[in-house]
Amino acid sequence: MGMTMSEKILAKAAGHSNVKAGDIVWVKADIAMMHDLLGPWLIDGGFRRLGGKLFDKEKVVVVSDHCTPPATVQQADILKFTRDWARDQGLPYYYEFEGPCHQVIVEHGHVRPGRLILGTDSHTCMAGGLGAFATGIGSTEMIGVLLTGETWMKVPETIKVIWDGELPHGVYAKDIVLKTIKDIGHAGATYQTIEFSGSAIKSLSMDERLVLSNMAVEAGAKTGLIEPDETVIEFLRSKGVDDGLETVRSDEDASYAQILHYNASELEPQVACPHEVDNVHPISAVEGKAVDQVYLGSCTNGRISDLRVAAEILKGKKIAKNIRCLVVPASQHIWMEANKEGILEILTEAGCIVNMPSCGACGGFTSGVIGAGEVVMSSSNRNFRGRMGSSEGEVYLGSPAAVAATAIEGKITDPRKYLLQGVR
Amino acid sequence: MSYKIRGRVWKYGDNINTDIISPGQYMSQPVEKQAEHAMEAIDPEFSKKVRPGDILVAGHNFGSGSSRETAQMVLKHHEIGAIIANSFARIFYRNSINVGLPVVDMKDTSVILEGDEMEVDLLEGKIINHTQGTEYQGTKLPEHLIEMVQLGGLEPYLAKKLKFS
Ligand code: SF4
């Protein structure tokens, strides 16, 4: 019997030649990632009580992104605590004000194929887009990882999701993942890996692949994996990484809990409606729903290709009266790229507000939370009650193109009518 | 973590996620402040009515969403005795065991009613409903976690492993 990607990566991390789904193994982390809100300020007490010695400084990465820029004194205190902690521990890798952690660790080359990455955030699974086995853990569990470099894991079964064919114009990775989550259900992949494959996935850019792996947890999955190939290797080389580039793939005869097969060419733009990510409908079912705010950003869909498509749609246009359109590039690097390409100017002229890279409004922390009765159309990944502010608010999720088209009309809008043929 | 718990039931539905249990907007505040807002999106009276030892009973997928342990912290602040659900989200389940918040899953929680007086034996996975005079079998903890639970969570477990106690 062959092994899945998950089994191979966890076997390596456990120092075994072979593991199979269901086995409980002790695994060694290649990277332990924490962010400000669920990191040092929560774990420091326990960490110190247990000796306070890191297993390996080089493997611990801390990113301050949730409390940046701080909106309250408490957030400023957390940020300061995190910064001081990283300095006192002598961490070589501490980032702040650069953007959401998942994007930052990808851009800085910490994520590589075959690595085991544990982070104190549920969307840590995004790193699976480069073929790393990456999953979210709690802060207490992180204390153990920081001290010993290890934790226990049940080797997950895998759901293989195959998307063949070519995505139609105006339809994106976001639509693929929303449709997949709808079918699997928000808890349908609990304790399992989702492995995305097929010709439609293979032809996705690095930016788009990360959308899929980012949202695997919204189906309850432990991680979302895509077989690393030239796209991943080229991306990593462009970031100056030239070792640790061995790829890993599932064997032909690996066994799967379930295999789903789709034809991408039949897909339409999708929208996740309040208050669950699997409450997904084709955009035609919700077109015309009036919104108060539009949010283009987050670690899910705030990358350069997302901003490009929004600029394509918003160029020379104005956003609707009486709504706000917040644009939050997913990293400082992306912000600069967008600036160079003139995208920020196009978006600003259309009436958008460009905020600094941060978790801000996406998690309901700072810079653009919503009030009772307000409706948002967002390119982010989660629409739970209270996610972006008031529990009386409503969050709809869609692709960056759908978000941009919605900004123009002030109501949920099919992006295809604003896209020139041939532009993707 | 003590492994026999007795308390009265508050009943909830499916998919009680971490944004409901501990809303993001209060997460940088002290835990007692956060606890005032626990569950308020679906039960505004929660923080006023719960008493130490109370048991939360819910449907499928309890604790989905974020990896935030503030969800456990606010429930522990209210001294919730245990959570019984049809199923739990993965990270929430691990976190609860790690911090010593008892969680038990059982096939069908719909038979349990609000206000029932319940007793849970964590190690055996046994659930006794004193009000209805019935008994249910929940899932037993995986073998390798029993020691952790007996010691009171991951920190004491690590302390023993790393010889700090
Ligand atoms: S951008 Fe949103 S989803 Fe991503 S890490 Fe920040 S809060 Fe979480």
Side-chain angles (χ1 to χ4, degrees), chain A residues 24 36-38 41-42 46 49-51 66-67 70-78 119-124 135-141 143-144 147-148 151-152 154 156 185-187 190-192 217-218 220-222 275-276 359 363-365 369 382 384-392, chain B residues 14-31 33 37 39-42 44 60-62 64-73 86-100 142-145 148 153-159 161-165:
Chain A
I24 289 173
D36 46 359
L37 199 54
L38 298 174
W41 79 294
L42 287 181
R49 281 193 292 278
L50 294 169
H66 282 57
C67 299
T72 61
V73 173
Q74 281 109 331
Q75 289 182 354
D77 289 343
I78 292 172
T120 54
D121 189 280
S122 60
H123 294 106
T124 301
T135 193
I137 62 172
S139 308
T140 302
E141 186 164 352
I143 295 175
L147 293 164
T148 66
T151 194
W152 64 272
K154 189 157 149 196
H186 55 235
T190 303
Y191 262 104
Q192 294 174 317
V217 69
E218 305 305 334
K222 194 167 195 158
H275 296 283
E276 285 292 342
C359 290
F365 309 114
V369 301
R382 201 168 267 169
F384 295 166
R385 210 180 269 284
R387 171 69 179 178
M388 297 183 83
S390 171
S391 58
E392 307 293 318
Chain B
D14 294 336
N15 308 313
I16 307 302
N17 61 56
T18 50
D19 281 278
I20 292 175
I21 305 166
S22 97
Q25 60 193 127
Y26 308 111
M27 274 171 70
S28 47
Q29 299 188 5
V31 65
K33 282 267 169 254
H37 301 280
M39 309 288 279
E40 72 181 5
I42 56 164
H60 287 286
N61 199 29
F62 192 96
S64 59
S66 164
S67 63
R68 63 184 69 155
E69 270 172 30
T70 49
Q72 278 78 13
M73 279 158 56
N86 289 342
S87 62
F88 290 90
R90 188 188 70 83
I91 303 176
F92 186 91
Y93 186 81
R94 288 177 80 98
N95 286 351
S96 298
I97 290 169
N98 285 339
V99 303
E143 205 67 38
H144 71 289
L145 289 183
M148 197 186 288
L154 183 65
E155 199 186 314
Y157 177 81
L158 284 169
K161 216 172 131 179
L162 301 168
K163 304 195 174 43
F164 275 96
S165 62

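Throughout, protein chains are lettered first and strands after them, A, B, ... in sequence-line order, and every chain is numbered starting at 1.
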First locate atom [atom1] of [X], then atom [atom2] of [Y], and finally report the distance between them rounded to the nearest 0.5 Å.
X: B:L162; Y: A:R49; atom1: CG; atom2: CZ; result: 13.5 Å
X: B:R90; Y: A:T190; atom1: CZ; atom2: OG1; result: 9.5 Å
X: B:R68; Y: A:S122; atom1: CZ; atom2: OG; result: 8.0 Å
X: B:K33; Y: A:Q74; atom1: NZ; atom2: CD; result: 9.5 Å
X: A:T148; Y: B:L158; atom1: OG1; atom2: CG; result: 6.5 Å

I need the residue from [options] with the largest number of non-hydrogen atom pairs under 4.5 Å to chain A.
options: B:D14, B:L154, B:N17; value: B:N17
options: B:A41, B:G65, B:S64; value: B:G65
options: B:T18, B:N15, B:I20; value: B:N15

Tell me which of these, [options], has more heavy-atom pairs under 4.5 Å with chain B than the rest.
options: A:I137, A:V73, A:L42, A:D77; value: A:I137
options: A:G138, A:G119, A:A187, A:P70; value: A:G138
options: A:I78, A:D36, A:L37; value: A:L37

Please flag which part of B:F88 lies under 4.5 Å from any non-hydrogen atom of chain A: side chain, backbone, both or neither.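 The answer is the backbone of B:F88.
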Proximal component of B:N95, with respect to chain A [non-hydrogen, under 4.5 Å]: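 Just its side chain gets close to chain A.
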Structural part of [X] lying under 4.5 Å from a heavy atom of chain B:
X: A:E276; answer: side chain
X: A:R385; answer: both
X: A:W41; answer: side chain
X: A:T72; answer: side chain
X: A:H186; answer: both

Using a heavy-atom cutoff of under 4.5 Å, enumerate the residues of residues 21-28 of chain B that contact chain A, numbered in order, or state 'none'.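 Near chain A, by residue number: B:G24, B:Q25, B:M27, B:S28.
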Between B:E69 (side chain only) and A:T140 (backbone N and O only), is there a donor and an acceptor less than 3.5 Å apart?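 Looks like yes, one N/O pair under 3.5 Å.
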Determine whether a donor-acceptor pair (N or O, by modelled atom type, separation under 3.5 Å) exists between the side chain of B:S67 and the backbone of A:T120.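 It does hold such a pair.
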Contact between A:T151 and B:R94 at the side-chain level, heavy atoms closer than 4.5 Å - yes or no?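 Heavy-atom side-chain distance check passes, below 4.5 Å.
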Where do A:L38 and B:S66 come nearest, in terms of heavy atoms and distance?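 Heavy atoms of A:L38 and B:S66 come nearest at CD1-OG, 4.4 Å.
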How close do B:E155 and A:L50 get, counting heavy atoms only, and between which atoms?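 Closest approach of B:E155 to A:L50: CG-CD1, 3.7 Å.
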